[in-house]
K.L.:
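The following block contains the structure, expressed as structure tokens.
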Amino acid sequence: MTIKVRFFAQFRELFGTDILTDAPPDGMFISLIAGIAHSNPEGYNAIFDKNGAFLEFVILMKNGKRIDNSDAAATTVADDDDIAVFPPVAGG
Amino acid sequence: MTIKVRFFAQFRELFGTDILTDAPPDGMFISLIAGIAHSNPEGYNAIFDKNGAFLEFVILMKNGKRIDNSDAAATTVADDDDIAVFPPVAGG
Amino acid sequence: MIAVQTADVDIGGLINAAKQRSTGAVVVFDGIVRDDDIVEMELEAYEDVAHKELEKIAADATTQFNLLSVDIVHRTGRLAVGENILIIVVSAGHREEAYAGSRFIIEAIKKGVPIWKKELTKDGGRWVPGEHGHGAGKRG
Amino acid sequence: MIAVQTADVDIGGLINAAKQRSTGAVVVFDGIVRDDDIVEMELEAYEDVAHKELEKIAADATTQFNLLSVDIVHRTGRLAVGENILIIVVSAGHREEAYAGSRFIIEAIKKGVPIWKKELTKDGGRWVPGEHGHGAGKRG
């Protein structure tokens with residue numbers, strides 16, 4: 001349980017945040033998030049498209065660095081990673 | 001002595017300001033200013049060109065309203081007029 | 001001063017602190033909670049990352065526009081109508097740089113700093129959609 | 001507040017007073033005496049006309065950029081390095097209007113308001129040339 005997953009804004013309201021979890025069996029970033037999102041169908045559809053890929057506008061970070069959505073399917077996670085998933089930013 | 005002539009900035013340093021005077025014999029704006037400016041050759045050349053016309057950048061006002069330099073030769077002055085002559089503005 | 005914080009800040013104090021002998025212009029942007037039929041606004045930030053992004057934006061603006069100083073204070077938490085959300089104070093030798101730098105910073109913040117706003121209304125709340133949102137915002 | 005005056009002004013106070021319920025953005029421009037090897041700066045105004053021109057510029061900007069409020073304070077007299085020369089505070093619903101209105105006002109002041117600046121140096125002084133000057137400025 002050493003991976004921390006943070007959701008923000010609408011996504012936080014759907015899933016909670018600061019979720020401590022283990023790496024999924026396949027070690028993939030997308031599997032980690034899909035595993036959490038499956039608990040909430042409305043939430044799942046806010047993040048994933050019908051093919052199970054991340055929706056274009058969803059922003060993904062690993063250890064404070066942005067992951068391009070096109071790279072997400074090939075991104076792995078490991079112990080102590082700090083993951084964040086959030087909608088388009090709206091500060092200012 | 002009911003016409004007031006104000007000079008500002010460099011022109012104030014050359015001629016003084018708040019000069020009370022009478023209308024010139026021909027009643028013309030340009031004659032009024034030339035009459036004052038003749039007292040100071042350096043000052044005269046700061047305001048008038050070789051043909052005795054106002055230099056292009058000199059700004060002229062009568063009673064708080066701008067006189068276009070091309071109209072200056074045809075502009076008259078009368079008792080109680082408030083005249084101002086100044087270089088390009090540089091506030092802000 | 002670069003900060004993501006709940007507290008407000010003294011803008012006059014920031015302006016005074018921004019002045020150096022070569023400063024000819026200070027431009028301040030103050031973003032304020034506007035009454036769009038709301039009760040309050042709630043701001044949420046991914047704080048570490050937001051702070052780092054603000055530092056980066058300040059550094060980029062400083063280089064690109066020759067700024068002499070940059071302060072950015074972005075507030076979080078619940079803010080009432082009329083309260084300051086975001087204060088940007090930039091100083092430069094000349095006004096062109098100060099205006100351009102200020103504008104660069106606010107646009108960069110809107111695009112890339114992980115902060116979100118929820119408008120709290122009598123009927124609930126709505127998340128302010130992000131600039132690149134395709135329907136992610138405006139949720140009840 | 002539109003003023004041509006020797007006294008300084010409390011910028012924080014102007015910002016607070018500018019806020020209305022529909023205000024989403026305040027932009028402040030603060031023009032400051034810069035140390036271009038000068039001792040002080042002396043400002044001179046054709047006061048009545050300058051005040052009227054500032055009023056007109058504020059009204060034009062308000063109409064053109066949908067501003068909610070405009071304050072302009074232009075100082076005169078002797079000012080030391082670091083002192084405020086000109087303070088412009090505009091408020092609007094949105095940032096685009098606030099920035100554009102602020103910029104419009106400063107450019108209009110530079111072009112059309114009868115105020116002059118003399119930089120006082122160790123060796124005397126030099127008048128700052130106006131934007132349309134053809135050699136009228138830079139006199140010793």
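From a predicted model like this one, the values you see are computed outputs, not experimental measurements. Note that these values count all heavy atoms, side chains included, but never hydrogens, waters or copies made by symmetry.
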K.L.:
Find the distance between CZ (D:Arg21) and CD1 (C:Ile32) and round it off to the nearest 0.5 Å.
P.N.:
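The CD1 atom of C:Ile32 is 13.0 Å from CZ of D:Arg21, to the nearest 0.5 Å.
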
K.L.:
To the nearest 0.5 Å, how far apart are CG in D:Asn16 and CG in C:Asp30?
P.N.:
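Separation between the atoms: 8.5 Å.
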
K.L.:
Need one label for D:Asp36: side chain, backbone, both or neither, based on atoms under 4.5 Å from any heavy atom in chain C.
P.N.:
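Answer is neither: D:Asp36 stays 4.5 Å or more from chain C.
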
K.L.:
Let's test your reading of the structure: which of D:Ala25, D:Gly13, D:Ala98 forms the most heavy-atom pairs below 4.5 Å with chain C?
P.N.:
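It is D:Ala25.
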
K.L.:
Could you grab the distance from atom CZ of C:Arg103 to atom CZ of D:Arg103, nearest 0.5 Å is fine?
P.N.:
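Reported value, rounded in 0.5 Å steps: 11.5 Å.
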
K.L.:
Can you tell me how far apart CD1 (D:Ile87) and CD1 (C:Ile15) are? Round to the nearest 0.5 Å.
P.N.:
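Between atom CD1 of D:Ile87 and atom CD1 of C:Ile15 there are 8.0 Å.
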
K.L.:
Measure the shortest side-chain to side-chain distance between D:Ile106 and C:Arg95 over non-hydrogen atoms and say whether it is less than 4.5 angstrom.
P.N.:
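Contact flag for D:Ile106/C:Arg95 side chains = yes.
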
K.L.:
Using non-hydrogen atoms only, which part of D:Ser91 is less than 4.5 Å away from chain C: side chain, backbone, both, or neither?
P.N.:
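Answer is neither: D:Ser91 stays 4.5 Å or more from chain C.
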
K.L.:
Which of the residues C:Gly93, C:Gly12, C:Gly24 is involved in the greatest number of heavy-atom pairs with chain D at under 4.5 angstrom?
P.N.:
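Option with the top pair count is C:Gly24.
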
K.L.:
Under 4.5 Å from any heavy atom of chain C, what part of D:Val81 do you find: side chain, backbone, both or neither?
P.N.:
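Side chain only.
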
K.L.:
Take D:Lys19 and C:Glu83, measure what salt bridge (charged side-chain N to carboxylate O under 4.0 Å, His left out) needs, and give me the verdict at the end.
P.N.:
CA-CA 9 Å; D:Lys19 290 181 181 179; C:Glu83 283 202 77; over 6 Å; no

